Amino acid sequence: MPSIQASTLPTRVIGLISGTSVDGIDAALVEITGTDLDLKVELLAGETYPYPADLRERILAVCAGEAISMLELAQIDDAIALAFTQAAQKIQIDHQPATLIGSHGQTVYHRPPKESGVDQKTLGYTLQLGRGDLIAYLTGITTVSNFRAADIAIGGHGAPLVPRVDAFLLSHPQESRCIQNLGGIGNVAYIPPRTDNWLSQIRGWDTGPSNSLLDLAVEHLTAGAKTYDEDGKWAASGTPCYPLVEKWLTQEYFHLPPPKSTGRELFGVAYVHQCFQDAEPYQLSPADMLATLTELTVASIVHSYRTFLPQMPQRVFLCGGGSRNLYLKQRLQLALETIRVVTTDEAGLSADFKEAIAFAVLAHWRQLGIPGNLPTATGAPHEVLLGEIHQV
Ligand SMILES: Nc1ncnc2c1ncn2[C@@H]1O[C@H](COP(=O)(O)OP(=O)(O)OP(=O)(O)O)[C@@H](O)[C@H]1O
Ligand SMILES: CC(=O)N[C@H]1[C@@H]2OC[C@@H](O2)[C@@H](O)[C@@H]1O[C@H](C)C(=O)O
């Protein structure tokens with residue numbers, strides 16, 4: 001990956017994403033300077049704008065595989081684009097206006113490419129709603145969207161995309177690091193110390209479920225009264241059932257070598273339903289069930305590091321909503337023994353808004369003609385420009 005010299009004038013960019021938790025739109029207003037090794041990002045404002053409850057419900061139903069008409073698809077796409085537009089407008093209040101938006105949109109379907117014989121691969125497919133042309137028109141700001149399509153088209157997974165941004169914002173001269181996102185789905189970027197050939201040694205993949213199963217279990221156990229276990233307090237009062245964790249860990253996904261990606265299509269409603277069925281013989285309390293699902297997230301992350309990393313990292317930096325789950329964090333620290341587990345806040349990058357910041361950077365790169373994917377993370381055969389630019 002050559003270092004590309006381009007304009008280093010500060011650019012004010014908005015990054016927008018709603019992730020697999022479908023809890024709302026994360027918006028980051030940032031000032032970006034530099035391009036790659038000299039890349040710097042200052043977070044001017046970060047907010048999460050919850051979706052209207054009925055829209056969230058419809059999106060979750062679509063993610064769970066409910067069949068809908070094209071009319072309803074269009075209506076959901078409209079509603080998401082409008083919600084993203086409002087997020088972009090609100091985040092600029094009391095600030096100088098932005099000149100660029102990077103909008104990830106809302107993933108509603110993700111089908112990773114699959115090996116189908118020697119040197120044969122079936123194509124992947126991914127769909128993010130909330131169309132960028134409408135956001136550009138309504139905000140009057142050039143908008144980059146549909147970031148995953150180009151990587152998928154050349155045979156990549158189109159995910160995870162954040163590792164390349166992590167590499168330039170969170171690498172360290174001496175320390176090897178894992179940046180672990182704990183969103184609905186978990187993903188990791190492994191970044192070796194910044195010495196010779198460090199860029200070619202970066203790795204990234206989706207580690208599996210993070211909060212998606214926990215959130216679904218909490219909703220089920222509270223009959224919809226709660227959507228998540230705040231700070232992991234409920235799970236912390238239970239005890240993990242290790243035979244179940246062992247059983248669940250035999251699942252094929254955890255043993256696939258990276259690059260790999262996944263989503264709610266696998267770790268969603270049907271999966272958690274099966275988990276509850278598997279748990280029946282053990283007569284677990286709700287707290288034990290949550291502790292056991294937390295342990296699956298922990299064990300799947302640590303198993304994937306031990307199996308697929310060239311070496312264990314010196315430090316793990318957490319980000320995403322799950323980094324606020326104190327029980328999950330504590331269990332991960334215990335499983336990783338002497339490897340320190342902290343959040344990306346300790347490295348000066350907001351753990352809450354890192355994904356939104358990353359899509360601002362990806363838009364900035366797109367405008368400058370700099371590729372955004374990392375082939376060692378997405379499995380694409382080469383680098384490619386990510387995103388469609390919608391000018392105003
Ligand atoms: N205080 C907290 N205690 C426990 N869990 C929390 C807390 N705050 C957030 N979470 C969890 O984090 C989730 C949201 O995380 P985040 O916004 O990073 O996910 P996402 O971006 O939607 O997912 P992905 O990264 O897979 O796209 C919530 O659904 C909840 O499970
Ligand atoms: C298809 C899709 O939306 N994937 C998300 C999801 O959420 C976490 C994980 O799965 C990750 O691969 C990806 O998002 C982040 C932002 C990424 O591309 O790096």
Side-chain angles (χ1 to χ4, degrees), residues 15-26 46 48-51 56 59-60 63 102 104-112 124-129 146-149 151-152 156-166 179-189 204-219 226-236 258-268 290 293-294 297 318-329 343-344 350-359 361-362 372-374 377-379 386:
L16 302 171
I17 180 169
S18 171
T20 54
S21 300
V22 198
D23 54 339
I25 301 161
D26 289 338
T48 299
Y49 301 103
Y51 277 128
R56 175 171 197 262
I59 295 169
L60 284 171
C63 292
H104 170 269
Q106 174 70 60
T107 296
V108 289
Y109 182 69
H110 183 67
R111 184 190 72 200
Y125 187 91
T126 196
L127 180 60
Q128 284 75 45
L129 297 185
N146 209 12
F147 285 93
R148 303 190 190 276
D151 185 271
I152 290 258
H157 283 247
L161 298 180
V162 176
R164 183 167 178 145
V165 180
D166 286 344
I179 317 301
Q180 179 68 48
N181 171 48
L182 299 170
I185 298 296
N187 60 24
V188 65
W205 64 86
D206 285 356
T207 47
S210 177
N211 300 300
S212 61
L213 304 179
L214 282 170
D215 287 355
L216 285 165
V218 168
E219 279 203 61
K226 288 192 173 170
T227 53
Y228 72 102
D229 177 19
E230 199 181 347
D231 301 339
K233 283 188 210 129
W234 199 1
K260 56 179 176 174
S261 66
T262 188
R264 294 185 80 96
E265 297 74 19
L266 179 58
F267 298 110
L290 294 179
L293 287 169
T294 305
T297 292
L318 303 180
C319 59
S323 65
R324 293 185 172 269
N325 181 327
L326 302 180
Y327 178 66
L328 172 57
K329 196 173 166 206
T343 69
T344 58
S350 164
D352 290 335
F353 293 103
K354 189 170 75 66
E355 282 189 343
I357 292 169
F359 282 91
V361 171
L362 287 169
N373 64 335
L374 196 62
T378 66
L386 298 182

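Counting convention: from 1, in listed order, for ligands and their atoms alike. Since the model is a prediction, treat every value here as computed from it, not as a measurement.
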Of all protein heavy atoms, the one nearest atom 17 (C) of ligand 2 is L161 N, 3.3 Å
Under 4.0 Å from a heavy atom of H110: give me the atoms of ligand 2 that qualify, with their elements. 1 (C)
Can you list every pair where an N/O of ligand 1 is under 3.5 Å from an N/O on the protein?
residue  : atom   : partner : partner atom : Å
ligand 1 : 1 (N)  : D231    : OD1          : 3.1
ligand 1 : 3 (N)  : D231    : N            : 2.6
ligand 1 : 10 (N) : G321    : O            : 3.3
ligand 1 : 12 (O) : N211    : ND2          : 3.4
ligand 1 : 15 (O) : G321    : N            : 3.3
ligand 1 : 18 (O) : G321    : N            : 2.8
ligand 1 : 19 (O) : S21     : OG           : 3.1
ligand 1 : 21 (O) : E355    : OE1          : 3.2
ligand 1 : 22 (O) : T20     : N            : 3.3
ligand 1 : 22 (O) : S21     : N            : 2.9
ligand 1 : 22 (O) : S21     : OG           : 3.3
ligand 1 : 23 (O) : T20     : N            : 3.3
ligand 1 : 23 (O) : T20     : OG1          : 3.3
ligand 1 : 23 (O) : G184    : N            : 2.9
ligand 1 : 25 (O) : N181    : ND2          : 3.0
ligand 1 : 25 (O) : E355    : OE1          : 3.3
ligand 1 : 25 (O) : E355    : OE2          : 2.9
ligand 1 : 26 (O) : T20     : OG1          : 2.4
ligand 1 : 26 (O) : G184    : N            : 3.0
ligand 1 : 26 (O) : I185    : N            : 3.0
ligand 1 : 26 (O) : I185    : O            : 3.3
ligand 1 : 27 (O) : T20     : N            : 2.9
ligand 1 : 29 (O) : D215    : OD2          : 2.5
ligand 1 : 31 (O) : D215    : OD1          : 2.6
ligand 1 : 31 (O) : D215    : OD2          : 3.0

From NZ (K233) to CG (L326), nearest 0.5 Å: 8.5 Å
At what distance, to the nearest 0.5 angstrom, does OH of Y49 lie from CD1 of I25? 9.5 Å
Regarding atom 4 (N) of ligand 2: of the candidates R148, K260, E355, which has the closest heavy atom? R148
Spatial distance of atom CD1 (I152) from atom OG (S261) [nearest 0.5 Å]: 7.0 Å
Using 0.5 Å steps for rounding, measure from the OG1 atom of T294 to the CH2 atom of W234. 12.0 Å
When you measure from atom 12 (O) of ligand 2 to every protein heavy atom, which one gives the shortest distance, and what is it? D206 OD1, 2.7 Å
For ligand 2, does V162 get within less than 4.0 Å through its side chain, its backbone, both, or neither, judged by non-hydrogen atoms? both
Passes side chain to side chain contact (heavy atoms under 4.5 Å, CB included), D229 versus L214? Steps please. CA-CA 8 Å; D229 177 19; L214 282 170; 6.0 Å; no
If we number the atoms of ligand 2 from 1 as shown, the ones under 4.0 Å from a heavy atom of T107 are 1 (C), 2 (C), 3 (O)
Can you see whether N211 engages S21 through a side-chain donor-acceptor pair at a distance of less than 3.5 angstrom? no
In chain order, what residues pass the salt bridge (charged side-chain N to carboxylate O under 4.0 Å, His left out) check against D23, with sequence neighbours excluded? none
Quick check on R324: does its CZ atom have over 12 non-hydrogen neighbours (other residues, nucleotides or ligands) under 6.0 Å away? no
Just which atoms of ligand 2 are under 4.0 Å from any heavy atom in A159? 12 (O)
Atom 7 (O) of ligand 2 sits nearest the protein heavy atom T20 CG2, 3.8 Å
In this structure, CG of L213 is separated from CZ of R264 (nearest 0.5 Å) by 9.0 Å
At what distance, to the nearest 0.5 angstrom, does CD of E265 lie from CZ of R111? 10.5 Å
Restricting to heavy atoms, the pick from N187, T262, I185 nearest atom 11 (C) of ligand 2 would be N187
